[in-house]
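Structure first, commentary second.
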Amino acid sequence: EVYRILPFRKELLEGVLHADLVGFHTYDYARHFLSACSRVLDLGTTSPKGIEFGSRFCSIGVFPIGIDPNQISNALGSRAVDIRARELGSVFEGRKVIIGVDRLDYIKGMPHKLLAFELFLAKYPQWIGQVTLIQVGVPTRIEVEEYRSLAKHVNELVGRINGVYGNLEYAPVHYINQSIPQNELIAIYHIADACLVTSVRDGMNLVSHEYVAAQADLLLSSLTRRKSVDIDDDEEEDLNTTNHTRPRVKTLNKDGPGVLILSEFAGSAQSLSGAIRINPWNTEELAEAIHTSLTLSRVERELRWNKLYRYVTTNTASYWARSFVTEFKDVCDHPPLLSNLPRLQISQVLRAYENASHRLLVADYDGTLTQRQPLPELASPAPFVTQLLATLAKDDKNTLYVMSGRERKYMDKWLGKYRVGLAAEFGFCHRAPDDPPGEWTCLGKDLDISWKQVVQPIMQYFAERTPGTYIEFKESSLAWHFQDADPHFGAWQAKDMQIHLEDALANQPLQIIQGKRFVEVRHVGVNKSLVLEDVLRRGPKSIHGTARILPLENVADESKGEGIEKTQLLAGESNNTEGKLNDESEIEDFDFVLCVGDDRSDEDMYQLLKTHYRQRLEDKSIALYLVRIGTGATQAEYFLDSIIDLRKILRNMAGISLRDMHQRIPMTK
């Protein structure tokens, strides 16, 4: 959520994703980061292991940080801490002590803690005079007005509680509004019967770890503890004999370890499962947790503490550093397997384009030539794009086709006036570059579309229950788009819808396609490769300007389906032989092919072109470039990072074509 509100959120996320490894304290933080990348950068290739971003893979790891328990253990063994702990034990003898240590920050929930403690005393008056809350509030950012207001509010709450429930001999809250030495803090941790952490939002909060570690020697055997106390008493007597300024202190008499009360909004709450977890916003629940912590049996307190201590002493600060560095080395030495697609080299493509005589340019529309839009009416191409396509189409060496899933009325409106071959509804309708405007060939006639009456109610059901989705009605198909929906919820709903559709259409000659943020139901066998197959069969224009028919050899006929026969699908093919040339030497095939797409609907075209030109690829007699925008599992052989890279290539190609056309004009004259 934090990343999503930043003005430069996209740039920040892209910068972070250029790291080899990004570590988080908790899985929740990692999950939120993955969600931010998915929503802000529209990355579909995210997993708990990492994110595929362009040609890189950014690994994600969860490394909860800890403390150095040896440092606290050594402090507990020191004479200064031991004496101070027993002094404090003498001061608070007969009372339960609760410790809270926080920066004076609004995310630490100090007002929530004080309000709950006030409610606890009001609800359980028997504890008045029997319990003391020691709250350490370390000042921070005192120059900021909001923090000064917070400090004032905390002081008012402390004064109110002490005024109502305190007297000359008893103050329910001891508020220390300053930093205290480490030995003093460890001594307070040591004597406390409970530690109260009420953060409303916190990264980890290692106060909880410190408190658990400081309770360590309270589980020593009575013999060991008594021996330690006897030694310290002898030393104190020697000290008091020579120096009568310090009175003799009593030994610390505490019944077992204390209890940790931990906010569920602190990062450490996911790791310290032995704590009593609370919601600091629920004052009633927090007051009950305080009462529970003070009345737990010693057995349960020891069981909880053992679980906490085992974690704190295992997941230390050194373990955190070691595990992070080890994972980093492993990521660098064994990088995740990515798609081995090379990035398309622009100079190489332009050189091949310039040297070619018969070029075939095939491009997907949405996500390739233009950005995907939520509504068909908004998906019109930018003037810059139409100008590039018009320039490329004017070059007699070029055969240009745009393949789209949109309806033909939109394709006619946007690109119909240019000498560009068009395919609509993933190839169900198409028109050749030289066809008159408005004349389309539909693949299959008199098709049964009664299945729409079954599909539409199912799609409508999910559209009503998934905000940001809509149904697109086409001549031959129905599509449910969830581009504007929550990406995760939309994907879940799409999978659920597919299950319902498969059950309802089990015996129908239809296929259910999951595309990029859409689910479409269409006739079996309809795909872009059918139009492309017809284009390859007809080939480029001959030197006389007429089309010729070339046989398609060894083409894998993946378009056959139960619903539409092959002869119907190629309805635009003519049986006459006017297009054939008598002089076979004049017939030429394409010597340059560029096919660009961005999703699964383009995979059939890649497969067709690879199969059709298999022999010529071995002979190196054709420049074939199968390109995908973005990475992922694909039949393509190259990739580009974005639509902008494709536009750069098309702009350079248009420049080459303009130069060639200017050079050919004088020769024609």
A side-chain contact here means heavy atoms from C-beta on lying under 4.5 Å apart; do H488 and S38 qualify? yes
Would T314 and Y319 count as having a side-chain donor-acceptor pair, cut-off 3.5 Å? no
Please report the interatomic distance CD(Q514) to CG(D599), rounded to the nearest 0.5 Å. 12.0 Å
Say you draw a straight line from CG of L262 to OG of S208; how long is it, rounded to the nearest 0.5 Å? 5.5 Å
List the steps, then state whether salt bridge (Lys or Arg N to Asp or Glu O under 4.0 Å) holds for D641 with R343. CA-CA 8 Å; D641 288 320; R343 181 180 276 102; 2.9 Å; yes
Mind checking whether F53 and H18 have parallel, tilted or perpendicular rings, split at 30° and 60°? perpendicular
Side-chain donor/acceptor of Y211 to backbone N/O of I99, under 3.5 Å: no
Tell me the closest heavy-atom pair linking I67 and A213, and the distance in Å. CD1-CB, 4.1 Å
Quick one: side chains of residues 160-173, donor-acceptor pairs under 3.5 Å with protein atoms, not counting sequence neighbours, listed by atom name and distance.
{"residue": "R160", "atom": "NE", "partner": "E118", "partner atom": "OE2", "Å": "3.0"}
{"residue": "R160", "atom": "NH2", "partner": "E118", "partner atom": "OE1", "Å": "2.9"}
{"residue": "N162", "atom": "OD1", "partner": "V173", "partner atom": "N", "Å": "2.9"}
{"residue": "N162", "atom": "ND2", "partner": "V173", "partner atom": "O", "Å": "3.1"}
{"residue": "N167", "atom": "OD1", "partner": "E169", "partner atom": "N", "Å": "2.9"}
{"residue": "N167", "atom": "OD1", "partner": "Y170", "partner atom": "N", "Å": "2.7"}
{"residue": "Y170", "atom": "OH", "partner": "G129", "partner atom": "N", "Å": "3.4"}
{"residue": "Y170", "atom": "OH", "partner": "V131", "partner atom": "O", "Å": "2.4"}

Validation row: V197, C195 side chains within 4.5 angstrom (heavy atoms): yes
Show your working on side-chain contact (heavy atoms from CB on, under 4.5 Å) between R600 and T634 and close with a plain yes or no. CA-CA 8 Å; R600 295 182 199 171; T634 179; over 6 Å; no
Heavy-atom check, side chain of I51 versus side chain of F33, under 4.5 Å: yes
Steps toward ring pair (Phe, Tyr, Trp, His ring centres under 6.0 Å) verdict (F24, H32): CA-CA 10 Å; F24 297 89; H32 294 157; 9.6 Å; no
Under the criterion side-chain contact (heavy atoms from CB on, under 4.5 Å), I'd like the reasoning laid out for D102 against L104: C-alpha separation, chi angles, the key distance, then a yes or no. CA-CA 6 Å; D102 303 286; L104 196 53; over 6 Å; no
Please answer whether the main-chain N or O of G258 pairs with a side-chain N or O of Q215 as donor and acceptor at a distance below 3.5 Å. yes
Which atom of G274 lies closest to which atom of L308, heavy atoms considered: N-CD2, 3.6 Å
Using every non-hydrogen atom in the two residues, find where C37 and L13 come nearest and quote the distance to one decimal. SG-CD2, 4.1 Å
In this structure, CG of L41 is separated from CZ of R9 (nearest 0.5 Å) by 9.0 Å
Is any NZ, NE, NH1 or NH2 atom of the basic residue among E288 and K123 found under 4.0 Å from an Asp or Glu carboxylate oxygen of the other? yes
If I compare all heavy atoms of H190 with all of A214, which pair ends up nearest, and what's the gap? ND1-O, 3.0 Å
Residue pairs passing the salt bridge (charged side-chain N to carboxylate O under 4.0 Å, His left out) test where at least one lies in residues 22-38, sequence neighbours excluded: D28-R31
Set out, in order, the CA-CA distance, both residues' side-chain angles and the distance that settles side-chain hydrogen bond (donor to acceptor under 3.5 Å, both in side chains) for N205 and S268, then state yes or no. CA-CA 6 Å; N205 197 303; S268 55; 5.5 Å; no
May I ask you to decide if L640's main-chain N or O and R628's side chain share a donor-acceptor pair within less than 3.5 Å? no
Sub-4.5 Å side-chain heavy-atom contact between M110 and Y175: yes
Under the side-chain contact (heavy atoms from CB on, under 4.5 Å) rule, what do I261 and L286 come out as? Steps first, then yes or no, please. CA-CA 9 Å; I261 304 173; L286 183 49; 4.2 Å; yes
Under 3.5 Å: donor-acceptor pair, side chain of N306, backbone of E302: yes
Ionic contact status for R372 with D598, cut-off 4.0 Å: yes
Grab the two heavy atoms, one from A289 and one from I278, that are nearest each other, plus how far apart they are. CB-CG2, 3.5 Å
Give a yes or no on whether the backbone of N70 and the side-chain of N74 come within a donor-acceptor separation of less than 3.5 Å. yes
Donor on one side chain, acceptor on other, K96 and Q130, under 3.5 Å: no
Looking at R301 and L296, would you say the former's side chain and the latter's main chain have a donor-acceptor pair under 3.5 Å? yes
Run the numbers on F482 and F489 for ring pair (Phe, Tyr, Trp, His ring centres under 6.0 Å), then give the verdict. CA-CA 9 Å; F482 58 95; F489 183 55; over 10 Å; no
Are the side chain of R84 and the backbone of L185 linked by a donor-acceptor contact shorter than 3.5 Å? no
Quiz question: by atom type and distance under 3.5 Å, do the side chains of R322 and T326 form a donor-acceptor pair? no
Give, for atom CZ of F120 and atom NZ of K113, the distance between the pair rounded to the nearest 0.5 Å. 15.0 Å
Kindly compute the distance separating CE (M204) from CH2 (W320), expressed to the nearest 0.5 Å. 10.5 Å
Apply ring pair (Phe, Tyr, Trp, His ring centres under 6.0 Å) to the pair H174 and F92, showing each step before the final yes or no. CA-CA 12 Å; H174 286 210; F92 296 104; 5.5 Å; yes
Do the charged groups of D486 and R39 touch, with an N to O distance under 4.0 Å? yes
Counting C-beta onward and ignoring hydrogens, is there a side-chain heavy-atom pair between L150 and P111 closer than 4.5 Å? yes
Within a reach of under 6.0 Å around CD of E285, are more than 12 heavy atoms found that belong to other residues, nucleotides or ligands? yes
Rounded to the nearest 0.5 Å, what separation is found between the NZ atom of K329 and the CD atom of E327? 12.5 Å
Below 4.5 Å, heavy atoms only, C-beta onward: do L114 and L133 meet side chain to side chain? yes
Please examine the side chains of Q178 and V138, heavy atoms only from C-beta on, and report whether any two atoms are closer than 4.5 Å. no
Angle class for the W305/Y309 ring planes (parallel below 30°, perpendicular above 60°, tilted otherwise)? parallel
E210 and Y189: side-chain donor and acceptor closer than 3.5 Å? yes
Would you mind reporting whether N315 and S271 have side-chain heavy atoms less than 4.5 Å apart? no
Kindly check if the number of other-residue, nucleotide or ligand heavy atoms within 6.0 Å of OH (Y29) is above 12? yes
Search all heavy atoms of S199 against all heavy atoms of D202 and return the closest pair with its distance. OG-OD2, 2.8 Å
Students often mix this up, so state it plainly: with edges at 30° and 60°, are the rings of H291 and W127 parallel, tilted or perpendicular? perpendicular
Would you please say whether a donor-acceptor pair under 3.5 Å links the side chains of D105 and T140? no
Please assess T469 against F518 for the test side-chain contact (heavy atoms from CB on, under 4.5 Å), listing each intermediate value before the final yes or no. CA-CA 9 Å; T469 64; F518 72 86; over 6 Å; no
Start with the C-alpha distance between S263 and T198, add both sets of side-chain angles, then the distance that settles side-chain hydrogen bond (donor to acceptor under 3.5 Å, both in side chains), and finish with yes or no. CA-CA 5 Å; S263 167; T198 56; over 6 Å; no
